[in-house]
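Written out below as C-alpha cells is the structure these notes cover.
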Amino acid sequence: MKSAITVCEDEEWKRMRALLCPTFTSGKLREMFPIIGQYGDVLVRNLRKEAEKSEPVTMKDIFGAYSMDVITSTSFGVNVDSLNNPQDPFVENAKKLFRFDFLDPLFLSLIFGITMFPKSVTDFFTKSVKRIKESRLKDTQKHRVDLLQLMINSQNSKEMDGHQGNQGGLQRA
C-alpha cells in the first residue's frame, strides 16, 4: 500500500500515473460495458427472485452485491456471485477492506497517511492478484478486458518500449 498512487509523490507518482492512464481511456472503459451489462442482467434476475417472495427487500444488499460483482469482475476478471455466495473469499475480504466508520483507526490513519489495513486482507488480495497475473502471463490466449489485464498490457508495452529504445546500444543520459 505504500506505493499506491494516492500516496506516491514526485517521480514515482508520474511513473504510476503514466502506467495507469492508458487503462482509463474512454475506449478501454467502453470495452468493459459488456461485463457491466452481464451483471446488470444478474441484478434484474435477483430483483425478480426477491419480488416473487412478496416480502420487503433490503436494496442495500442487492445493489451492494451488484457493485461487488461488477468491481471484482472489471478489476480482476473474477466472477463472483456475491449475493448468492457471500462466503466467497473475495467477498469476505472486500467487505473487511471497505468497512467504513469515521472513528475507525483505518479511516483516521488515512488522514495521517498511515495505512492500517488488516494484514490478512492485504495478503489475500496481494496473493490473488499475483496468482491471476502469473496465470495470465503464462496463458497466450486473449483475455477479457478488465482493469488488471489493461494494467498488465500497459506494463508490458512500457517494458517493450524501453527495450526497443535501447537496442541501438545508445542510452540517454
Closest contact, heavy atoms only, Asp61 versus Leu83: O-CD1, 4.0 Å
From Asn79 atom CG to Asn85 atom CG, the distance as rounded to the nearest 0.5 Å: 12.0 Å
Main-chain N/O of Thr72 paired to Ser75 side chain as donor or acceptor, under 3.5 Å: no
Backbone of Ser82 reached by a side-chain donor or acceptor of Asp88 within 3.5 Å: no
Atom pair CZ/CG of Phe63 and Leu47 - distance to nearest 0.5 Å: 5.5 Å
Note: Glu134-Arg131 ion pair, threshold 4.0 Å (strictly below): no
Distance (rounded to the nearest 0.5 Å) between Asp41 CG and Asn46 CG: 11.0 Å
Polar side chain donor-acceptor pair, Tyr39 to Asp81, under 3.5 angstrom: no
Minimum side-chain heavy-atom gap Ile132-Val78 below 4.5 Å: yes
Shortest non-hydrogen contact from Glu50 toward Val57: CB-CG2, 3.7 Å
Pairing residues for Arg48 by the side-chain contact (heavy atoms from CB on, under 4.5 Å) criterion, not counting sequence neighbours: Val44
Test log, rule side chain to side chain contact (heavy atoms under 4.5 Å, CB included), inputs Lys49 and Asn84: CA-CA 12 Å; Lys49 189 167 54 172; Asn84 299 312; 3.4 Å; yes
Verdict with reasoning, Leu43 to Ile62, per side chain to side chain contact (heavy atoms under 4.5 Å, CB included): CA-CA 7 Å; Leu43 171 67; Ile62 300 283; 3.4 Å; yes
CG on Asp69 to CD on Gln38, rounded to 0.5 Å: 9.5 Å
Aromatic plane relationship, Phe76 with Phe125 - under 30° parallel, 30 to 60° tilted, over 60° perpendicular: parallel
Minimum heavy-atom distance between Tyr66 and Gly40, given as atom pair plus value: CE1-N, 3.6 Å
